[in-house]
Every structure is written in C-alpha cells, then in structure tokens.
Amino acid sequence: MSQPPNPQGARPAAPAPPSSRGPAGPSGSAPAPSRGGSTPQRGAGSFAPSSAAIAPADMERSTAIVRTITQVFQSRVVGQENLRLSLLTALAAGGHVLLESVPGLAKTTAASALASAITGSFSRIQCTPDLMPNDIIGTQIFNYGSGTFTTQLGPVHANVVLLDEINRSSAKTQSAMLEAMQERQTSIGGEIHKLPEPFMVLATQNPIEEEGTYVLPEAQMDRFLMKEVLTYPRPAEEHEILDRSTSGSLSGPKQSVGAVSLEDIRFLQEMVDTVYVDPAVKRYIIDVVFTTRGSGPRPVPNLTQSVRVGASPRGSLALMRVGQAHALLHGRDYVTPDDVRAMRHGVLRHRLVLTFDALTSGIKPEQIIDAVFHAVPMP
C-alpha cells in the first residue's frame, strides 16, 4: 500500500520533533515554545480567577479524598501511574473509562481496586456473545401466586460497573449499555429506572483477540470520557509484583487502607463543576478540536488524508471536563493549558476515525494528536 501523499515525503500527520514540543503523557507537559513570532505565552497564574473559585476547606477535603483513593489503588496495583490518574480523573469528572491492553496487565484488578476505595455497590459483568440486554439492565418476572409482574434490576444498577471484555458482547447488548451510560437510566417493561449516583462504567477490551468479538461502534466509543491503553510494567515494578505474590499481598493488602463514601464522591464531582476555566483556555480547546477536523488556526498539512472524522463537540466538552478534574486533583481551582495537554491522548485517541491509508501506514492516533497540539499555539 502506498503512503499518503505529502509534499515533504513524510507521513501525513507525524508528530513534531521532541525538541519542539512538551513531553507527552498524563504526568504533565511543558508549554510548547512560541511559534512563528507569536506573542509570549501567559504564565500559569494568569488563568486564575480574580477570587478563589473553591474555598480552602473544600480544597483540603478534596485533597484528602483523592489521597485516600490513591492509597487504596496503590495497595492493590503495582505501578500503572498513568492508569491511576486516568481513573481518578474520570471518577472526579463523572465519566466512563475504556481500558485496553493485552491480557494480564491488571485491567480488572485496577477496576476492582477503584471500586474497593468507594463504599458503594460494585458489580462485574463478564461479557460473552450470548449475553442479552436483560442480563445487564434487568427484567420483569411473573409471580404466579399474586398474578403480577415484579421488576428485577440487573447488575448495571450499581455505583461502579466493570464490563469485562465489552467487545465480546453483541451489538444489541452494547446498545442497551449505551442508554445506561449516556442517559443514566434503564427501561424495563416500559418503566424508567434511574441509575444510582455516582455511576461509573469501567469497560475492558483485548485488542489481540478477534474470534467471537464485535467491534465497538464509534457512537458507543464516544460515550467513554477516556480511553486508556495500558503498557507493560517496568522491571522494578514486575519485581515488586513477584514480591507481593510471595508475601500473599498481591490480591489485596493485609490491612484495610480506608475508603471514601458516596457523599465524598458526589462532593468531589461538585467541586470539579466549580473549577474555573478561563475564556482563553476554552478558545484553546476549540482550536484543538477544530484542528482535528482539518481546520483551526494553523491546520496540520494533509491531516485529512489520515483522519476521516475528527473529534465531535463531545470531545470539546471532554477536554474541558478532564482539564477541570486534572486541575482539582493537583490542588488548583483553575484550568491551565497544561491541564488540557496532560490527558490529551486519553480523551482524543478514541474520538479520531483514521483513514484506511493511515491504518495501513501504521500511523497511531497518538501521533496525530501530538501533531495537532504542536500546531495549535498555546495561549
């Protein structure tokens, strides 16, 4: 297959050289240098509101909640700091997360660890090709003694729901989950049943197994606030996994670390709503999303040859919401461009539909995302 045309002979959306952009990853990114004689970038403090958006006592409570969840997670999962930050950010933002990796990289363990940090209900659904919508949302059961129907709610009616191998469920079952994820409700026998608050779906999928799987449609992929791709642990982390296994603490700590209440989670999500977003940051988000669609202030050359569909307005909302949550997790009541950049891969990698030429050329969504952020000037 021939490469997509490019005047410079390079791949259409290759990322910028590392020397000209900030480091990638959820640990944060340095501001990109000004380009083309653009105006100097504003300092981080210039994005703060004139008065504090969150009271110091509320900020202290938020920090304590995040610290407790972090301790529980680290007691169950070795390493995977990117995953921890993504799950915490999505929980604070009130969104859902799609986890993808090869088998054995603690996807299920991470989901159960997050659930164990919350004193709410948790249910795990093992997706199979014969799983029906009623198995998830619930059904009505006829009582022969009274001659009436009673409603039995399904496992999706929980605070934290783990959908193991979601791509093994049929399209009919996936559509039922779409209503639950987006509308926060289910329909059983013509009656609407609200899902509990907070409600979070953690779905896992295995990218290397194709037999008996169904590709998730773009409409459902877009319902996930973030998509996290797990990587192999470092040698030191894998050594600690072996040490925990021999000591018997791999499946869980010997002593309870602690947990937070559902009221604490609702409080954390309310604090995310109050995090201040400067108009310049909103404009930055809009420029990034429009650039993925082939326009924007400084379009990426030949981007349309690699991206068939760019990010939707839901992508703009996700970038802002995740930026607010990321700022709160780091003890700030205002969003900076670095908060938007920090989680860019997790927010956008599943919202870009690549062309066939880009897929056959081995171009990754992360390369395109980095190229877009390199092209858009930071405020």
List in chain and number order the residues that pass side chain to side chain donor-acceptor pair (under 3.5 Å) with Glu238, two or more places apart in sequence or in another chain; answer none if no residue qualifies.
-> none
Should [X] and [Y] be counted in the same cluster of Ile, Leu, Val, Met, Phe, Trp and Tyr side chains packed under 4.5 Å apart?
{"X": "Ile286", "Y": "Val340", "result": "no"}
{"X": "Leu359", "Y": "Val307", "result": "yes"}
{"X": "Val229", "Y": "Leu99", "result": "no"}
{"X": "Ile368", "Y": "Val353", "result": "no"}
{"X": "Leu354", "Y": "Phe373", "result": "yes"}

Given Val77 and Arg84, is the side chain to side chain contact (heavy atoms under 4.5 Å, CB included) satisfied, shown in steps?
-> CA-CA 9 Å; Val77 180; Arg84 179 191 65 82; over 6 Å; no
Is [Y] close to [X] at the side-chain level, that is, under 4.5 Å between some pair of heavy atoms?
{"X": "Leu98", "Y": "His350", "result": "no"}
{"X": "Ile166", "Y": "Phe224", "result": "yes"}
{"X": "Leu328", "Y": "Val66", "result": "no"}
{"X": "Arg321", "Y": "Val272", "result": "yes"}
{"X": "Glu179", "Y": "Gln185", "result": "yes"}
{"X": "Val281", "Y": "Tyr334", "result": "no"}
{"X": "Leu91", "Y": "Val160", "result": "no"}
{"X": "Thr68", "Y": "Ile65", "result": "no"}

Hey, mind stepping through Arg298 and Asp287 against salt bridge (Lys or Arg N to Asp or Glu O under 4.0 Å) and telling me if it holds?
-> CA-CA 9 Å; Arg298 296 181 183 177; Asp287 290 343; over 6 Å; no
Locate the shortest heavy-atom distance separating [X] from [Y]; write the atom from each residue and the value.
{"X": "Met59", "Y": "Asp333", "answer": "CE-N, 3.9 Å"}
{"X": "Phe122", "Y": "Ser112", "answer": "CZ-CA, 4.3 Å"}
{"X": "Leu162", "Y": "Ala111", "answer": "CD1-CB, 3.6 Å"}
{"X": "Gly294", "Y": "Leu303", "answer": "N-CD2, 4.3 Å"}
{"X": "Leu262", "Y": "Ile118", "answer": "CD2-CG2, 3.6 Å"}
{"X": "Arg266", "Y": "Glu197", "answer": "NH1-O, 2.6 Å"}

Gap between atom [atom2] of [Y] and atom [atom1] of [X] - 0.5 Å precision:
{"X": "Thr204", "Y": "Asn167", "atom1": "OG1", "atom2": "CG", "answer": "8.0 Å"}
{"X": "Leu319", "Y": "Ser316", "atom1": "CG", "atom2": "OG", "answer": "6.5 Å"}
{"X": "Asn159", "Y": "Met200", "atom1": "CG", "atom2": "CE", "answer": "12.0 Å"}
{"X": "Ser51", "Y": "Tyr276", "atom1": "OG", "atom2": "OH", "answer": "10.0 Å"}
{"X": "Glu191", "Y": "Thr151", "atom1": "CD", "atom2": "OG1", "answer": "5.0 Å"}
{"X": "Asp339", "Y": "Arg332", "atom1": "CG", "atom2": "CZ", "answer": "4.0 Å"}

Apply ring-ring contact (aromatic ring centres under 6.0 Å, His included) to His96 and Phe199, showing your working.
-> CA-CA 9 Å; His96 312 296; Phe199 173 70; 5.6 Å; yes
For side chain to side chain contact (heavy atoms under 4.5 Å, CB included), just list the numbers for Phe290 and Val376, CA-CA rounded to whole Å, side-chain angles, deciding distance to a tenth of an Å, and then say yes or no.
-> CA-CA 10 Å; Phe290 268 73; Val376 177; over 6 Å; no
Donor-acceptor pair, [X] side chain versus [Y] backbone, under 3.5 Å?
{"X": "Gln174", "Y": "Ser169", "value": "yes"}
{"X": "Ser361", "Y": "Ala358", "value": "no"}
{"X": "Ser312", "Y": "Arg314", "value": "yes"}
{"X": "Thr355", "Y": "Gln305", "value": "yes"}
{"X": "Thr119", "Y": "Val260", "value": "yes"}

Criterion side chain to side chain donor-acceptor pair (under 3.5 Å) against Ser86, the qualifying member of His326, Lys227, Glu228 = Glu228
Over 12 non-hydrogen atoms of neighbours within 6.0 angstrom of CZ in Arg234 |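 Count not over threshold, so no.
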Evaluate the criterion side chain to side chain contact (heavy atoms under 4.5 Å, CB included) for residue pair Arg184 and Lys194; output intermediate values, then yes/no.
-> CA-CA 6 Å; Arg184 307 297 176 106; Lys194 295 291 185 180; over 6 Å; no
Test log, rule side chain to side chain contact (heavy atoms under 4.5 Å, CB included), inputs Arg168 and Thr128 = CA-CA 5 Å; Arg168 288 195 176 277; Thr128 56; 5.7 Å; no
Asp370/Arg344 ion pair, N-O < 4.0 Å = yes
